[in-house]
Amino acid sequence: MAWLVRDERVLATLEVAESVRGRTRGLLGRDGIEGAILLRPAKSVHSFGMRFPIDVAFVDRELVVVRTCRLRPNRITLPVWRAHGVIEAEAGAFGRWGLAPGDRLEVRGLDGGAPGSS
């Protein structure tokens with residue numbers, strides 16, 4: 001399990017989708033998500049076939065948040081050219097986390113360890 005971290009604080013559990021198949025599937029067919037999913041590489045996303053609205057954060061290669069938005073089902077975003085990846089969570093999650101453009105994020109625990117171990 002991985003964690004999404006900002007300033008040494010764990011924001012959420014994190015799924016990482018880096019394969020074409022994983023990015024294509026994303027959150028499609030789900031009724032919700034606990035935590036968040038990181039899609040990379042990605043410069044835009046869509047919510048066609050999704051059952052719930054999502055918060056979307058476009059991040060650069062260093063996981064600095066470039067832009068955020070809320071996406072209702074059956075919508076598409078314009079490409080964000082500075083983005084290298086996208087973090088998606090259920091609508092309202094970013095407000096609870098205080099996530100905003102300029103935040104520097106980290107992914108920890110991809111090796112199965114505890115937060116701070118990678």
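Proximity of Glu62 to Glu106: side-chain heavy atoms (C-beta onward) are nowhere separated by under 4.5 Å. With a 4.5 Å cut-off on side-chain heavy atoms, Val59 and Val86 do not count as touching. Within the 4.5 Å cutoff, side-chain heavy atoms of Val45 are placed close to those of Leu71. Put simply, the side chain of Leu105 reaches to within 4.5 Å of the side chain of Leu11, judged on heavy atoms. No side-chain heavy atom of Glu15 sits under 4.5 Å from any side-chain heavy atom of Leu38. Looking only at side-chain heavy atoms (C-beta outward), Val16 and Leu14 come within less than 4.5 Å of each other.
To the nearest 0.5 Å, the span separating CG on Leu4 from CG on Leu63 amounts to 8.0 Å. Here the OG1 atom belonging to Thr13 is positioned 7.0 Å from the CD atom belonging to Glu34, to the nearest 0.5 angstrom.
Closest approach of Val65 and Ala100 over heavy atoms only: CB-O, 3.6 Å. When every heavy atom of Ile54 is checked against every heavy atom of Met50, the shortest pair comes out as CG2-CE, 3.5 Å. Taking each heavy atom of Ala89 and Gly35 in turn, the nearest pair found is CB-O, 3.7 Å. For the pair Cys69 and Phe58, the tightest heavy-atom approach, listed with the atom from each and the gap, is SG-CE1, 4.2 Å.
Applying the side chain to side chain contact (heavy atoms under 4.5 Å, CB included) test to Pro53 and every residue at least two apart in sequence or in another chain returns Pro73, Ala91. Under the salt bridge (charged side-chain N to carboxylate O under 4.0 Å, His left out) criterion, Arg6 pairs with Asp103, not counting sequence neighbours. Applying the ring-ring contact (aromatic ring centres under 6.0 Å, His included) test to Phe94 and every residue at least two apart in sequence or in another chain returns Trp97.
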Exercise for the section: Begin with the C-alpha distance, continue with both residues' side-chain angles, and end with the deciding distance and a verdict on side chain to side chain contact (heavy atoms under 4.5 Å, CB included) for Phe48 and Ile76. Expected result: CA-CA 8 Å; Phe48 295 109; Ile76 190 167; 4.1 Å; yes

Practice task
Could you give me the CA-CA distance, side-chain angles and deciding distance for Arg108 and Glu8, then say whether salt bridge (charged side-chain N to carboxylate O under 4.0 Å, His left out) is met?
Solution key: CA-CA 10 Å; Arg108 293 196 184 166; Glu8 300 300 320; 2.8 Å; yes

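Applying the side-chain hydrogen bond (donor to acceptor under 3.5 Å, both in side chains) test to every pair with at least one member in residues 63-80, sequence neighbours left out, gives these pairs: Asp55-Arg70.
A donor-acceptor distance shorter than 3.5 angstrom exists from the side chain of Lys43 to the backbone of Trp81, with no hydrogens or angles considered.
A continuous path of ILVMFWY side-chain contacts below 4.5 Å connects Ile37 to Val66, so both sit in one hydrophobic cluster.
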